[in-house]
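Data first, discussion second: the structure below is written as structure tokens.
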2 protein chains.
Amino acid sequence: MTHEPLDPRQLGAYFVLREAVSLLEHQIEQQLHADGDISYVQFQLLARLHHASEPLTMTQLADGVVYSRSGLTYQAGLLEKAGLVARSRAPEDERATLVSITAEGRALFERVLPGHVELSRRLLFDPLTDDDVRHLGDIMTRVRDNLRAQPPRSAAPRKRRDTT
Amino acid sequence: MTHEPLDPRQLGAYFVLREAVSLLEHQIEQQLHADGDISYVQFQLLARLHHASEPLTMTQLADGVVYSRSGLTYQAGLLEKAGLVARSRAPEDERATLVSITAEGRALFERVLPGHVELSRRLLFDPLTDDDVRHLGDIMTRVRDNLRAQPPRSAAPRKRRDTT
DNA sequence: TATTGTTATACTCTATAACTATA
DNA sequence: TATAGTTATAGAGTATAACAATA
């Protein structure tokens with residue numbers, strides 16, 4: 001029952017972070033849809049496949065992007081239907097599905113990326129100095145690592161209800 | 001057609017930011033549901049009403065939280081059904097709806113807030129120094145202000161398609 | 001006419017649980 | 001038995017457009 005007084009500086013930083021990112025996400029989402037008819041989740045999946053020189057399994061693909069197996073199956077299904085990725089059985093492990101990006105997928109990704117970057121620059125980086133960017137990257141890397149190191153959602157304590 | 005080479009440092013910072021916040025959001029959402037059966041959007045709405053000493057109109061309430069009128073009507077409807085807020089006609093402007101937080105709403109908010117803060121501290125602030133927090137708050141404030149100053153989504157250029 | 005808010009509706013996305021198939 | 005993935009399905013949320021009422 002840790003219950004420290006709550007540093008208002010932290011609280012402020014937290015809420016501004018959430019608000020800024022929410023606004024950012026909303027605008028980025030709009031552009032991805034306008035430019036390429038994809039969501040940010042789909043953009044991320046294409047980005048991973050584009051970056052990796054090898055096809056990835058569903059599990060590898062899911063990693064930080066999606067939080068349920070079926071969610072990925074759904075998204076992969078959409079991408080496949082759109083001709084942007086292809087799925088096939090993995091030879092070494094017949095349980096696994098290999099997902100690879102198609103030429104169309106690469107083309108779409110490359111068509112969409114510049115605008116995406118340009119927009120994030122305008123929205124996110126314009127008001128920041130080089131030093132800010134460095135610091136932001138550094139900070140968020142540590143935060144991400146901390147989040148990834150977090151107990152996997154079962155060791156999680158707390159659950160109070162009915163404290164009425 | 002600005003098309004600069006893309007500073008990899010910026011790109012990296014952008015993607016880490018997105019990833020970290022996504023992980024953060026996911027965990028926070030879980031806890032809000034477990035602790036109070038509300039979403040983060042609903043938490044924000046309660047927070048605003050709790051903070052404001054006056055009832056707010058739907059429009060005031062919507063501000064940075066929700067991006068469509070109907071979206072807010074939907075959320076307000078849920079909160080009202082749960083007894084956490086009440087809606088009434090505004091006397092000075094009969095078109096407007098005044099939303100006020102109920103005692104139950106305050107109780108829920110106050111019950112949920114400490115855990116919310118505690119979790120964000122553990123997930124977000126544990127790996128950060130005081131200086132990091134200060135800088136992060138400062139950075140995101142500028143970013144937020146920049147985003148809010150952005151042309152309201154009609155002056156937006158670009159729209160390329162069919163550049164096949 | 002412009003603004004405030006609601007409704008109807010369609011759509012996207014997520015997640016749980018049951019299931020199949022392979023290791 | 002455990003793991004990889006899919007399917008069925010239900011639920012939460014969002015957004016657009018049409019609408020009513022007030023300014």
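Proteins get letters first, then strands, A, B, ... in listed order; numbering begins at 1 in each.
Within the model, atoms CE of A:M58 and CZ of A:R95 stand 15.0 Å from one another, a figure rounded to the nearest 0.5 Å.
Rounded to an integer number of Å, the gap from NZ of A:K81 to P of D:dT7 is 12 Å. Rounding to whole angstrom units, CG of residue B:L32 and C1' of D:dA12 are separated by 15 Å. Rounding to whole angstrom units, CD of residue A:E80 and P of D:dG5 are separated by 14 Å. In this structure, B:L72 places its CG atom 13 Å from C1' of D:dG13, rounding to the nearest Å. Note: CG (A:L56) to C1' (D:dA4) measures 15 Å, nearest angstrom. One interatomic measurement links the two molecules: CD of B:Q30 to C1' of C:dT14, which rounds to 11 Å at whole-angstrom precision. Rounding to whole angstrom units, CD of residue B:E25 and P of D:dG13 are separated by 14 Å. For the pair B:E29 CD and C:dA15 P, the interatomic distance rounds to 10 Å; values are reported in whole Å.
The side chain of B:E94 lies closest to D:dA23 when the candidates are D:dT7, D:dG13, D:dA23. Among the nucleotides C:dT7, D:dT22, D:dG5, the one closest to the side chain of B:R89 is D:dT22. Closest to the B:D93 side chain, of the nucleotides C:dA15, D:dA23, D:dG5, is D:dA23. Comparing atom distances between the A:R95 side chain and each of D:dT22, C:dA21, D:dA15 picks out C:dA21 as nearest.
A donor-acceptor distance shorter than 3.5 angstrom exists from the side chain of A:R111 to the backbone of A:D35, with no hydrogens or angles considered. Checked by atom type and distance alone, the side chain of B:D132 never pairs as donor or acceptor with a backbone atom of A:H135 at under 3.5 Å. Side chain of B:T57 to main chain of B:T97: no donor-acceptor pair is present (N/O by atom type, distance under 3.5 Å, no hydrogens or angles). Put simply, the side chain of A:Q42 never gets that close to the backbone of A:Q75: no donor and acceptor are under 3.5 Å apart.
Contact check, B:R69 against C:dT4: a side-chain N or O comes under 4.0 Å of OP1 or OP2. For the pair A:S39 and C:dC13, the criterion of a side-chain N or O lying under 4.0 Å from OP1 or OP2 is met. Remark: B:Q75 is in phosphate contact with D:dT14, judged by side-chain N or O atoms under 4.0 Å from OP1 or OP2. For D:dA15, one of the phosphate oxygens OP1 or OP2 lies less than 4.0 angstrom from a side-chain nitrogen or oxygen of A:H26.
Nucleotides of DNA chain C nearest to A:P91 and A:S70 differ in position, and the one nearer the 5' end is that of A:S70. Each of A:Y74 and A:A96 was matched to the nucleotide of DNA chain D holding its nearest heavy atom; the match closer to the 5' end belongs to A:A96.
Among the atoms of the strands shown, only primed sugar atoms or phosphate atoms (P, OP1, OP2) are found under 4.0 Å from some heavy atom of B:L78. Within 4.0 Å (heavy atoms only), B:L61 reaches no atom of the nucleic acid at all. Across all strands, B:T73 comes closer than 4.0 Å to base atoms (heavy-atom distances). Residue B:S68 is in base contact, counting any heavy-atom pair closer than 4.0 Å across all strands shown.
Bending across the helix from C:dT1-D:dA23 to C:dA23-D:dT1, expressed as the angle between its end axes from five pairs apiece, amounts to 0° (10° rounding).
The pair A:R134-A:D138 does not meet the salt-bridge criterion, since no charged nitrogen lies less than 4.0 angstrom from a carboxylate oxygen.
Contact detail for B:T102 and B:G83: the closest heavy-atom pair is OG1-O, 2.7 Å.
Between A:H116 and B:Y14, the two ring planes are perpendicular [angle over 60°; tilted spans 30° to 60°].
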